[in-house]
Amino acid sequence: LPSKKVMAFFGTCIVISGFIYRDNVLSKERKQLVERKVAHIALEPMSVHELPRKVTVYLAPPLGDGIHKTRVHFRDYVKPALVAAAMEYELIEGTKPGQLRSKVRDAIIEKRKAAKASIPNDIDTNQEPRLLNKAVGDGVIVIGRVSFVEYLQGLNDGCISSLTNSQETISNEKGDMETHNNINDSMSLTTGSENIMPDSQ
């Protein structure tokens with residue numbers, strides 16, 4: 001008969017394997033449940049002049065990690081539901097901090113410019129255009145906390161930015177941020193050197 005240590009080792013391996021198998025089975029069942037809930041969307045009729053349903057998916061890497069984990073999460077949990085619903089999707093990624101925020105802001109500014117260009121000439125064009133209260137596309141999916149924060153910041157920046165000097169505003173903001181960071185770095189270095197310097201008296 002095997003010793004107690006060998007029995008404990010194999011028993012631990014069997015228990016861990018059982019937990020992993022149970023987790024995979026339950027995860028597969030939940031995925032199938034979600035797919036069944038959205039499958040009716042694929043059966044809804046569409047007219048010949050209607051564009052396919054489309055959602056926009058925003059991805060950003062978690063703090064201190066790469067974007068690979070977020071892509072795996074989208075591939076394993078979100079994409080099967082979109083495929084079951086027969087919905088097209090546009091994937092927008094931000095591989096660097098602040099990149100997703102800039103993309104969202106630029107998209108909002110372009111929509112505002114397009115709305116302003118469509119205003120008739122007899123209307124005062126000096127006023128900011130009001131976008132119609134209807135969704136553009138069929139929805140937005142934001143994966144991850146970092147993605148959600150940058151998406152909200154991009155929406156805010158795109159809505160409050162000026163249409164006339166948007167590029168100048170963005171460049172000024174970048175310059176101010178770089179100057180602020182340089183000042184903080186110099187102050188931290190100065191404080192550190194003062195703390196390290198021994199008392200001469």
Side-chain angles (χ1 to χ4, degrees), residues 1-111 131 133-159 177:
L1 294 178
S3 62
K4 293 182 178 180
K5 294 183 179 180
V6 176
M7 293 291 292
F9 172 77
F10 282 106
T12 304
C13 293
I14 292 173
V15 171
I16 294 176
S17 301
F19 280 126
I20 294 175
Y21 176 77
R22 181 176 180 273
D23 180 72
N24 293 334
V25 171
L26 294 178
S27 178
K28 186 177 180 179
E29 291 178 354
R30 290 299 178 180
K31 290 179 184 178
Q32 293 176 353
L33 177 62
V34 173
E35 292 175 4
R36 288 195 299 268
K37 287 185 176 181
V38 300
H40 68 91
I41 301 178
L43 303 178
E44 294 179 358
M46 298 178 60
S47 63
V48 294
H49 302 289
E50 188 177 358
L51 294 176
R53 304 175 183 89
K54 185 177 181 180
V55 296
T56 305
V57 184
Y58 293 95
L59 303 179
L63 295 175
D65 206 342
I67 200 173
H68 175 69
K69 290 185 178 180
T70 311
R71 290 173 179 169
V72 171
H73 185 86
F74 167 76
R75 182 191 63 196
D76 293 343
Y77 300 102
V78 181
K79 187 177 179 180
L82 297 178
V83 173
M87 299 187 68
E88 295 184 356
Y89 61 90
E90 180 184 2
L91 199 61
I92 299 179
E93 298 180 352
T95 56
K96 299 179 181 179
Q99 188 176 10
L100 186 62
R101 174 181 178 181
S102 302
K103 291 182 178 180
V104 175
R105 177 188 58 204
D106 296 340
I108 296 297
I109 292 175
E110 291 298 326
K111 291 179 182 178
L131 298 179
N133 188 16
K134 70 175 183 178
V136 180
D138 292 291
V140 173
I141 300 176
V142 184
I143 301 177
R145 292 177 295 176
V146 178
S147 306
F148 185 67
V149 171
E150 291 196 13
Y151 176 75
L152 294 181
Q153 291 175 347
L155 286 180
N156 180 69
D157 296 343
C159 293
M177 291 178 62

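Values below: every heavy atom of this structure, side chains too, minus hydrogens, waters and symmetry copies. In this chain, residues are counted from 1 in sequence order. None of the values given here were measured: they were computed from a predicted structure.
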Applying ring pair (Phe, Tyr, Trp, His ring centres under 6.0 Å), which residue pairs with at least one partner in residues 36-76 are found, sequence neighbours left out?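 Qualifying pairs: Tyr58-Tyr151, His73-Tyr77, Phe74-Tyr89.
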
Please report the interatomic distance [atom1]([X]) to [atom2]([Y]), rounded to the nearest 0.5 Å.
{"X": "Glu93", "Y": "Ile67", "atom1": "CD", "atom2": "CD1", "value": "4.0 Å"}
{"X": "Met7", "Y": "Thr12", "atom1": "CE", "atom2": "OG1", "value": "11.0 Å"}
{"X": "Arg101", "Y": "Asn156", "atom1": "CZ", "atom2": "CG", "value": "8.0 Å"}
{"X": "Ile92", "Y": "Ile141", "atom1": "CD1", "atom2": "CD1", "value": "12.0 Å"}
{"X": "Arg71", "Y": "Ile143", "atom1": "CZ", "atom2": "CD1", "value": "12.0 Å"}
{"X": "Ile20", "Y": "Asp23", "atom1": "CD1", "atom2": "CG", "value": "8.5 Å"}

Of all the heavy-atom pairs spanning [X] and [Y], show the shortest one and how long it is.
{"X": "Arg53", "Y": "Met46", "result": "NH1-SD, 3.4 Å"}
{"X": "Ala60", "Y": "Leu100", "result": "CB-CD2, 4.0 Å"}
{"X": "Ala84", "Y": "Ala42", "result": "O-CB, 3.6 Å"}

Is there side-chain contact between [X] and [Y], with heavy atoms separated by less than 4.5 Å?
{"X": "Gln99", "Y": "Ser102", "answer": "no"}
{"X": "Thr70", "Y": "Pro62", "answer": "yes"}
{"X": "Asn24", "Y": "Lys28", "answer": "no"}

Is the side chain of Ser17 donor-acceptor paired with the backbone N or O of Cys13 at a distance under 3.5 Å, no angle test?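 Yes, because the side chain of Ser17 sits within donor-acceptor range (under 3.5 Å) of the backbone of Cys13.
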
Can a donor-acceptor pair be found, under 3.5 Å and without considering hydrogens, that links the side chain of Glu90 to the backbone of Thr56?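 No: the side chain of Glu90 does not pair with the backbone of Thr56.
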
Got a sec: does the NZ of Lys79 have more than 12 other heavy atoms crowding it under 6.0 Å?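 No, NZ of Lys79 has 12 or fewer neighbouring heavy atoms, counting only those of other groups under 6.0 Å.
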
Evaluate the criterion side chain to side chain contact (heavy atoms under 4.5 Å, CB included) for residue pair Glu29 and Leu33; output intermediate values, then yes/no. CA-CA 6 Å; Glu29 291 178 354; Leu33 177 62; over 6 Å; no

Checking Asp76 against Lys31 for the side chain to side chain contact (heavy atoms under 4.5 Å, CB included) test, could you report, in this order, the C-alpha distance in whole Å, the side-chain angles of both residues, the deciding distance, and whether it holds? CA-CA 9 Å; Asp76 293 343; Lys31 290 179 184 178; 4.1 Å; yes

